[in-house]
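The structure presented is a predicted model; accordingly, all values stated were derived computationally and were not measured.
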Amino acid sequence: MEASWLVVLLRTGVQLLASPIYLLWYLGVWGPFCKRAFPLLMVPVSVCYNWTMAAKKKKLFSNLKDFAGPSGVLTLLEIGAGTGTNFKFYPAGCRLICNDKNDSFSKFLHKSLSQNRHLQLEQYVIAPAEDLSQIPNASVDVVVGTLVLCSVESSERVLKEVLRVLRP
């Protein structure tokens, strides 16, 4: 009996603490706020994550040039590019297509591009990863997605789009 009262008390406490978020969501303010705030949060998180994973990423991306198409130039699509923290690991001369559904990442991505002049941005697609229709069939050598499949509506649809845009 005591445990059930504790559960009710804790549940009520959580609901009270979350009530401002519910109110903002109901008023239509919460979504736009999160869309603008998330990139600001991701900048320091990405720096810390890259510092932690640098050796692994360097090794993982070390053979990307081997996947270059017949022209010898690597065309790489990064889905969920966010702030562009992977850019420093991509090979020189790489043609880059970036995708993110949140256009609030744009200024951070462009800042990262200015710090990684060895890359050439071909296209910046603002769309969910499930809809890469702006990218032609069989036009990409490599697709990179870091920490993105956990935040899409349908990972199956994303992977179908990845298969569609990849060169055979």
Side-chain angles (χ1 to χ4, degrees), residues 21 30-168:
I21 294 171
W30 184 248
F33 168 76
C34 288
K35 184 178 178 182
R36 298 192 79 143
F38 186 62
L40 296 171
L41 171 71
M42 286 308 296
V43 170
V45 169
S46 297
V47 169
C48 182
Y49 177 74
N50 247 12
W51 182 80
T52 304
M53 300 298 290
K56 288 180 171 86
K57 283 187 176 190
K58 192 177 237 183
K59 183 178 178 184
L60 180 66
F61 295 139
S62 65
N63 67 339
L64 284 177
K65 273 206 168 247
D66 297 345
F67 295 96
S71 68
V73 177
L74 180 72
T75 301
L76 186 146
L77 164 64
E78 183 167 357
I79 56 173
T83 61
T85 56
N86 286 329
F87 292 173
K88 68 181 180 178
F89 300 104
Y90 296 157
C94 178
R95 291 187 352 213
L96 189 60
I97 302 170
C98 293
N99 157 260
D100 206 293
K101 71 177 186 178
N102 187 344
D103 61 346
S104 296
F105 276 110
S106 180
K107 74 176 183 179
F108 302 108
L109 183 130
H110 282 78
K111 180 181 179 192
S112 183
L113 278 169
S114 71
Q115 297 167 346
N116 292 281
R117 296 190 183 275
H118 65 285
L119 301 174
Q120 177 184 349
L121 181 64
E122 293 285 314
Q123 191 176 2
Y124 186 35
V125 178
I126 306 295
E130 294 91 342
D131 178 19
L132 301 174
S133 59
Q134 297 176 51
I135 302 168
N137 295 346
S139 62
V140 174
D141 300 311
V142 174
V143 176
V144 173
T146 307
L147 304 175
V148 71
L149 287 177
C150 57
S151 62
V152 297
E153 287 184 27
S154 170
S155 54
E156 184 179 340
R157 284 191 358 235
V158 172
L159 294 174
K160 283 181 180 178
E161 281 292 88
V162 166
L163 287 174
R164 182 186 64 76
V165 301
L166 276 171
R167 285 193 177 102

Stepwise, does the side-chain contact (heavy atoms from CB on, under 4.5 Å) test hold for Cys98 with Leu121?
-> CA-CA 8 Å; Cys98 293; Leu121 181 64; 3.9 Å; yes

Does the side-chain hydrogen bond (donor to acceptor under 3.5 Å, both in side chains) test come out yes or no for Arg36 and Ser104, once each step is laid out?
-> CA-CA 6 Å; Arg36 298 192 79 143; Ser104 296; 5.0 Å; no

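Between the CD atom of Glu122 and the CG atom of Leu96 there is a distance of 8.5 Å, given to the nearest 0.5 Å. The distance from atom CE of Met53 to atom OG1 of Thr85, rounded to the nearest 0.5 Å, is 11.0 Å. Rounding to the nearest 0.5 angstrom, the gap separating the NZ atom in Lys56 from the CG atom in Asn50 is 13.0 Å. For the atom pair OG1 of Thr146 and CG of Asn86, the computed distance is 4.0 Å after rounding to the nearest 0.5 Å. With rounding to the nearest 0.5 Å, the separation of OG in Ser62 from NZ in Lys57 is 14.5 Å. The structure places CD1 of Ile21 at 8.0 Å from SG of Cys34, a figure rounded to the nearest 0.5 Å.
Nearest heavy-atom pair across Leu74 and Pro91 is CD2-CG, 3.7 Å. For the residue pair Gly93 and Val73, the shortest heavy atom distance occurs at O-CG1, 3.7 Å. Minimum heavy-atom separation, Gly84 to Ser112: O-OG, 2.9 Å. The nearest pair of heavy atoms linking Cys94 to Leu76 is SG-CB, 3.7 Å. Smallest separation of non-hydrogen atoms from Pro44 and Leu41: CD-O, 3.2 Å. The minimum heavy-atom distance linking Gly80 with Val148 is given by the pair CA-CG2, 3.8 Å.
Residues Met42 and Phe108 fail the side-chain proximity criterion, which asks for heavy atoms closer than 4.5 Å. Residues Leu132 and Leu77 form a side-chain contact, since some pair of their non-hydrogen atoms from C-beta on lies under 4.5 Å apart.
With sequence neighbours excluded, the residues satisfying ring pair (Phe, Tyr, Trp, His ring centres under 6.0 Å) with His110 are Tyr124.
Comment: Asp103 engages Lys35 in a salt bridge, judged by a side-chain N to carboxylate O separation of less than 4.0 angstrom. Ion pairing of Arg157 with Glu161 is absent here, as no side-chain N (NZ or NE/NH1/NH2) approaches a carboxylate O to less than 4.0 Å.
The ring pair (Phe, Tyr, Trp, His ring centres under 6.0 Å) analysis of residues 59-87, with sequence neighbours excluded, yields the pairs Phe61-Tyr90. Evaluation of the ring pair (Phe, Tyr, Trp, His ring centres under 6.0 Å) test over residues 148-168, restricted to residues two or more places apart or in two chains, returns none.
Between the side chain of Asp141 and the backbone N or O of Arg167, no donor-acceptor pair lies under 3.5 Å. Here the side chain of Thr52 pairs a donor or acceptor atom with the backbone of Cys48 at under 3.5 angstrom. Under the 3.5 Å distance criterion, the side-chain polar atoms of Asp100 are matched with a main-chain donor or acceptor of Asn102.
The environment of Glu156 atom CD is sparse: at most 12 non-hydrogen atoms of other residues, nucleotides or ligands sit within 6.0 angstrom. Other residues, nucleotides and ligands place more than 12 heavy atoms under 6.0 Å from the CD atom of Gln123.
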